[in-house]
K.L.:
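Pasting a structure below so you can have a look.
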Amino acid sequence: MPVLLYAESADGLFKKSIFETASYARAVADQNNTSLTAISIGDVGTDELALLGKYGADKVLNVSNAKLKNFVNQAYASVIAEAAKNENADIVVLSNSFSGRGLAPRIGVKLSAGVIDGAVSLPDQKDGKFIVKKTAFSGKAFAITELTSANKVIALTPNTYKLVEKNAPGSVQDFSPEISEADFTATIKEIIRSAEKVSLPDAEIVVSAGRGIKGPENWSMIEELADLLGAATACSKPVSDAGWRPHSEHVGQTGIAVSPNLYIAIGISGAIQHLAGISASKVIVVINKDPEAPFFKVADYGIVGDAFEVVPKLIEAVKQHKA
Ligand code: FAD
């Protein structure tokens with residue numbers, strides 16, 4: 001029975017994390033000597049859909065329906081579950097993204113499947129078992145979880161599986177699911193884009209700052225560094241609570257979870273509630289004047305120093321590198 005991948009898109013494009021998820025789903029299919037079918041919902045062009053083949057999809061189901069143009073949790077879950085049933089897929093893989101976290105349990109209910117969210121490993125299928133390592137307690141711990149149900153849903157944490165090119169056929173077929181009005185109890189009427197230049201949840205680089213920056217009047221250096229790096233800006237909770245920055249930039253347990261390749265934390269202490277939102281970052285750089293700041297414990301690179309001296313030097317260095 002094939003594995004089904006839900007390939008989430010935004011503005012007609014797939015994020016890098018979707019190709020990681022495709023690579024992971026391909027590996028799960030290979031473990032089970034079966035094929036990988038991907039499903040895409042929304043307006044995604046044929047060239048983009050073909051990229052799913054590059055990362056291992058044998059077949060791509062394309063759902064293009066005006067009612068499903070914008071993400072609707074319940075309706076998307078119904079479509080994915082219907083595709084899984086049609087394809088006889090017993091394993092559904094998706095990204096543990098913001099929408100993926102809402103979809104996984106809904107798909108699980110519709111398929112009577114066991115669900116693992118926040119997966120960070122391939123299934124260990126020795127002795128007929130199906131065991132997956134996943135994050136727990138907001139990324140502070142790992143849980144080794146066994147799925148015993150026949151159907152399974154796995155939501156993969158971004159940045160935890162490498163991209164693997166497989167160049168499978170990726171042939172695209174239109175898929176027209178049954179659509180039930182009952183699934184549209186809440187719909188998106190309008191999307192109002194924020195003024196941010198780079199979308200924070202999707203950013204490859206994030207420049208984030210905390211109370212160590214002292215006040216909103218000092219944010220120009222954070223924005224300048226972010227502009228130079230093509231990064232999104234973010235902040236700690238107290239910063240947005242104080243109104244120094246918009247709440248849409250607040251990262252952490254009660255804010256946005258990010259998964260960039262590079263997270264630069266400037267004047268942020270590294271409280272567990274903040275770390276909960278950044279644990280899927282690939283490389284973490286911390287700038288803090290306190291060598292005992294907890295953030296250094298999770299940093300790949302740490303700079304002990306005053307942000308007001310370090311950041312301008314960093315800006316100059318990036319400018320010189322770009323010149
Ligand atoms: P501080 O703790 O005040 O740290 C400032 C840091 O800046 C210090 O480490 C200091 O050494 C450094 N610094 C000071 N001056 C300089 C300088 N000139 N140069 C360099 N470094 C300097 N927080 C979040 O961020 N996100 C959340 O989602 C979140 N959710 C929460 C949920 C709950 C239920 C609770 C109780 C708390 C939550 N918090 C959250 C708050 C969290 O516990 C911390 O209080 C908060 O993250 C601290 O923010 P901060 O690091 O910016 O400030």
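Heavy-atom basis, side chains included; hydrogens, waters and symmetry copies ignored. Counting convention: from 1, in listed order, for ligands and their atoms alike.
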K.L.:
Near Gly305, which atoms of ligand 1 are under 4.0 Å from a heavy atom of that residue?
P.N.:
19 (N), 20 (C)

K.L.:
Counting C-beta onward and ignoring hydrogens, is there a side-chain heavy-atom pair between Asn261 and Val283 closer than 4.5 Å?
P.N.:
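Counting from C-beta outward, Asn261 and Val283 never come under 4.5 Å.
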
K.L.:
Are Lys319 and Glu224 close enough for a salt bridge, meaning some N to O gap below 4.0 Å?
P.N.:
yes

K.L.:
Hey, is Phe295 touching ligand 1 through its side chain, its backbone, both or neither, going by heavy atoms under 4.0 Å?
P.N.:
neither

K.L.:
How far is atom 2 (O) of ligand 1 from its nearest protein heavy atom, and which residue and atom is that?
P.N.:
Ser269 OG, 3.1 Å

K.L.:
If the cut-off is 4.0 Å to any non-hydrogen atom of Asp290, which atoms of ligand 1 fall inside it?
P.N.:
11 (O)

K.L.:
Among all protein heavy atoms in this structure, tell me which lies nearest to atom 21 (N) of ligand 1, with the distance rounded to 0.1 Å.
P.N.:
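I find the closest protein heavy atom is Lys289 N, 3.2 Å.
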
K.L.:
What atoms of ligand 1 come closer than 4.0 angstrom to any heavy atom of Gly255?
P.N.:
28 (O)

K.L.:
What I'd like to find out is whether the side chain of Val258 reaches to under 4.5 Å of the side chain of Val251, using heavy atoms alone.
P.N.:
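Touching, per the 4.5 Å side-chain cut-off.
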
K.L.:
On the six-membered ring of Phe130, is Lys152 placed so that its NZ or CZ lies under 6.0 angstrom from the centre and within 45° of the ring axis?
P.N.:
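Yes; both conditions hold, so Lys152 lies above the ring face of Phe130.
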
K.L.:
So, regarding Gly267 and ligand 1 (criterion: nitrogen or oxygen to nitrogen or oxygen, under 3.5 Å), is there a contact or not?
P.N.:
yes

K.L.:
In terms of atom number and element, which parts of ligand 1 are under 4.0 angstrom from non-hydrogen atoms of Gln253?
P.N.:
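That gives atoms 27 (C), 28 (O) of ligand 1.
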
K.L.:
Which protein non-hydrogen atom lies closest to atom 33 (C) of ligand 1, naming both residue and atom, and how far is it?
P.N.:
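Checked against all protein heavy atoms, atom 33 (C) of ligand 1 sits closest to Gln273 CG, 3.9 Å.
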
K.L.:
Is Pro238 in polar range of ligand 1, meaning some N or O pair under 3.5 Å apart?
P.N.:
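Looking only at distances, the answer is no, because the N/O contact criterion of under 3.5 Å is not met.
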
K.L.:
Provide the number and element of each atom of ligand 1 under 4.0 Å from a heavy atom of Val251.
P.N.:
24 (C), 25 (O), 26 (N), 27 (C), 28 (O)

K.L.:
Around atom 8 (C) of ligand 1, find the nearest protein heavy atom and jot down its residue, atom name and distance.
P.N.:
Asn288 ND2, 3.7 Å

K.L.:
Gly210 heavy atoms, cut-off 4.0 Å: which ligand 1 atoms fall inside?
P.N.:
52 (O)

K.L.:
Would you say that Leu262 contacts Val206 through its side chain, given a criterion of any heavy-atom pair below 4.5 Å between the two side chains?
P.N.:
no

K.L.:
Where is the nearest protein heavy atom to atom 23 (N) of ligand 1: which residue, which atom, and how far?
P.N.:
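Checked against all protein heavy atoms, atom 23 (N) of ligand 1 sits closest to Lys237 CB, 3.3 Å.
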
K.L.:
Does ligand 1 have an atom under 4.0 Å from some heavy atom of Val239?
P.N.:
no

K.L.:
Identify, for atom 52 (O) of ligand 1, the protein heavy atom at the shortest distance, and state residue, atom and that distance.
P.N.:
Ser236 OG, 2.6 Å

K.L.:
Flag the pair Asn62 / Gln173 as yes when at least one side-chain heavy-atom distance between them is below 4.5 Å, and no otherwise.
P.N.:
no

K.L.:
Could you list which atoms of ligand 1 come closer than 4.0 Å to a heavy atom of Ala271?
P.N.:
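Those atoms are 42 (C), 43 (O), 44 (C), 47 (O).
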
K.L.:
State the CD-CD distance between Gln125 and Gln31, to the nearest 0.5 angstrom.
P.N.:
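The CD atom of Gln125 sits 4.5 Å away from the CD atom of Gln31.
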
K.L.:
Any nitrogen or oxygen of Ile287 lying under 3.5 Å from a nitrogen or oxygen in ligand 1? Just yes or no.
P.N.:
no

K.L.:
Please determine if Lys16 and Glu20 form a salt bridge, counting it only when a charged side-chain N lies under 4.0 Å from a carboxylate O.
P.N.:
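Salt bridge flag = yes for Glu20 with Lys16.
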
K.L.:
What's the shortest distance from atom 3 (O) of ligand 1 to any protein heavy atom, and which residue and atom give it?
P.N.:
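Its nearest protein heavy-atom neighbour is Arg211 NE, 2.9 Å.
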
K.L.:
Indicate yes or no: does Asp58 engage Arg26 in a salt bridge with an N to O separation below 4.0 Å.
P.N.:
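So Asp58 pairs with Arg26 through a salt bridge.
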
K.L.:
Considering only NZ, NE, NH1 and NH2 on the basic side and carboxylate oxygens on the acidic side, decide whether Glu87 and Lys59 come within less than 4.0 Å.
P.N.:
yes

K.L.:
At what distance, to the nearest 0.5 angstrom, does OH of Tyr76 lie from CD1 of Ile39?
P.N.:
10.0 Å

K.L.:
Would you call Asp124-Lys133 a salt bridge at under 4.0 Å N-O?
P.N.:
no

K.L.:
Cation-pi check for Phe184 against Lys67: NZ or CZ below 6.0 Å from the six-membered ring centre and within 45 degrees of the axis, yes or no?
P.N.:
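Flagged: Lys67 positioned over aromatic ring of Phe184.
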
K.L.:
What protein heavy atom sits nearest atom 15 (N) of ligand 1, and how far off is it?
P.N.:
Lys214 NZ, 2.9 Å

K.L.:
By number and element, which atoms of ligand 1 are closer than 4.0 Å to a non-hydrogen atom of Ala307?
P.N.:
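That gives atoms 17 (C), 18 (N), 19 (N), 20 (C) of ligand 1.
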
